[in-house]
Novice: 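Could you have a look at this structure, given as structure tokens, before my questions?
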Protein chains: 2
Amino acid sequence: MLQMYDLAGADPQLRFSPYCWRTRFALAHKGLPVETLPWRFTEKSRLPPGQEKVPVLLDGPRVVGDSWAIADHLERTYPDRPSLFAGEGGQALARFVNAWADTIVLPAIFRMIVADIPRCLAPQDLDYFRVSREARLGMTLEQAQADRAQRLEVFRALLAPVRRVLETHDWLGGDRPSYADHILAGTLMWPRCVSDFTLLVAGDPVSAWFSRALDLYDGLGRSARTSSME
Amino acid sequence: MLQMYDLAGADPQLRFSPYCWRTRFALAHKGLPVETLPWRFTEKSRLPPGQEKVPVLLDGPRVVGDSWAIADHLERTYPDRPSLFAGEGGQALARFVNAWADTIVLPAIFRMIVADIPRCLAPQDLDYFRVSREARLGMTLEQAQADRAQRLEVFRALLAPVRRVLETHDWLGGDRPSYADHILAGTLMWPRCVSDFTLLVAGDPVSAWFSRALDLYDGLGRSARTSSME
């Protein structure tokens with residue numbers, strides 16, 4: 001069976017990396033069972049040589065790091081299983097969706113949930129997370145998140161292209177979910193798992209789409225542990 | 001030969017619609033010669049029945065309006081010519097790129113060039129353009145554009161996903177331009193043709209990409225009339 005290192009919180013069942021979730025959905029899309037190995041930020045030495053971040057996939061002798069490289073690996077290695085990209089053009093533009101999620105969506109979410117993350121973390125990760133993220137932000141986690149209510153409108157506006165596509169199709173992939181859907185759904189698993197802050201409101205087509213994504217693969221996303229669960 | 005109605009200025013050779021340019025590039029990509037029929041905003045009655053906007057493509061007995069519908073028509077009607085989408089997945093995600101261009105890129109450009117447009121327009125279009133756009137904006141064209149220097153940084157930031165893709169590939173389509181490239185290049189033909197305001201600076205990978213796009217198809221974009229030409 002395939003294995004992957006998957007970012008975990010104090011509760012080893014709490015998995016909240018937006019990149020690891022892209023890989024979880026991609027593996028499920030391909031129908032490939034996976035054993036997930038809980039991993040903490042400060043356990044870099046536990047990863048295979050050359051790897052510093054998760055997800056890392058172990059596929060027999062192959063070690064593949066980085067969610068995009070993993071999706072590419074899965075598509076090439078398991079061509080007879082359902083396609084993640086539906087062709088060369090789909091893979092090229094999934095790269096654009098990945099870049100859009102990483103440069104536009106993730107940073108916007110970051111500023112609305114970053115101070116909620118420490119209460120999910122394993123004790124050994126607390127200092128690392130706060131020091132590295134506060135250096136990146138140039139302020140405390142709490143300051144970064146203080147105006148999140150004002151950021152909501154901007155965040156919802158930047159999802160306009162998704163909303164536009166959903167006017168005519170159920171998925172970014174068209175009639176069926178593709179890796180582009182997993183990129184965005186994986187990204188939204190991050191706030192779902194670590195924060196009670198409401199990013200999407202009922203009535204937003206993006207909210208309805210995310211609900212469909214949570215139900216995929218026997219409810220893989222919906223059944224995942226969140227910080228608000230007892 | 002195919003024909004298309006194409007938005008023109010006072011100078012009938014000045015063609016500046018971001019949607020018509022998407023279609024021009026798509027036709028060139030397919031290697032299909034086209035006769036472009038200059039059309040002004042106030043000539044709705046000249047269009048075929050049921051059509052109110054350009055581009056409108058006349059392909060034998062077929063009348064197709066809307067740049068997305070035209071791209072879809074060309075791909076289905078001329079499958080043996082170079083593909084615009086490189087597969088079903090590519091077409092699905094080109095829809096996302098189209099939606100992104102329409103909801104994010106176009107509105108940002110609009111606020112930086114809208115007051116430059118009237119001096120390009122045919123006399124009969126001047127009132128229509130000003131009245132309809134000022135109603136949409138809730139202010140004068142000049143007021144809408146007054147802070148454009150401050151808007152530049154935001155505009156350049158929203159192109160971050162393009163820049164990220166260009167770190168590893170020459171085109172949004174990967175190794176070759178696809179309709180996704182034409183969507184963005186067509187969108188950028190609009191400010192190029194009507195305004196002297198500099199949106200992209202040398203050294204920006206997006207600027208280098210646009211330069212490559214201008215050179216495609218024997219310099220179709222680069223040789224196009226602009227308002228700054230005598």
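Proteins come first, then strands; the chains are lettered A, B, ... in the order of their sequence lines, and each starts at number 1. Predicted model, so just to flag it, every value in this text is computed and none were measured.
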Novice: Give me the atom names and distance for the closest heavy-atom approach of A:Gly174 to B:Ala92.
Specialist: N-CB, 4.0 Å

Novice: Check whether any side-chain heavy atom of A:Phe96 sits under 4.5 Å from a side-chain heavy atom of B:Leu93, and report yes or no.
Specialist: no

Novice: More than 12 foreign heavy atoms under 6.0 Å from CZ of B:Arg111: is that the case here?
Specialist: yes

Novice: Could you look at B:Ala94 and say if it's the side chain, the backbone, both or neither that has a heavy atom under 4.5 Å from chain A?
Specialist: both

Novice: Look at atom CZ of B:Arg151 and say whether more than 12 heavy atoms of other residues, nucleotides or ligands are closer to it than 6.0 Å.
Specialist: yes

Novice: Only pairs of heavy atoms separated by less than 4.5 Å count here; which of B:Glu88, B:His169, B:Gln91 has the most with chain A?
Specialist: B:His169

Novice: Heavy-atom distances under 4.5 Å only: say whether B:Asp175 touches chain A with side chain, backbone, both or neither.
Specialist: neither

Novice: Which answer fits B:Arg163, side chain, backbone, both or neither, if we ask what part of it has an atom under 4.5 Å from a heavy atom of chain A?
Specialist: neither

Novice: Select all residues of residues 51-86 of chain A having any heavy atom within less than 4.5 Å of some heavy atom of chain B, and report them by number, or 'none'.
Specialist: A:Phe85, A:Ala86

Novice: With a 4.5 Å cut-off on heavy-atom pairs, point out which of B:Ala180, B:Ala160, B:Ala157 contacts chain A the most.
Specialist: B:Ala160

Novice: Quick one: what part of B:Ile104 sits under 4.5 Å from any heavy atom of chain A, side chain, backbone, both or neither?
Specialist: side chain

Novice: Whether A:Arg95 and B:Glu167 form a salt bridge (side-chain N of Lys/Arg under 4.0 Å from carboxylate O of Asp/Glu) is what I want to check.
Specialist: no

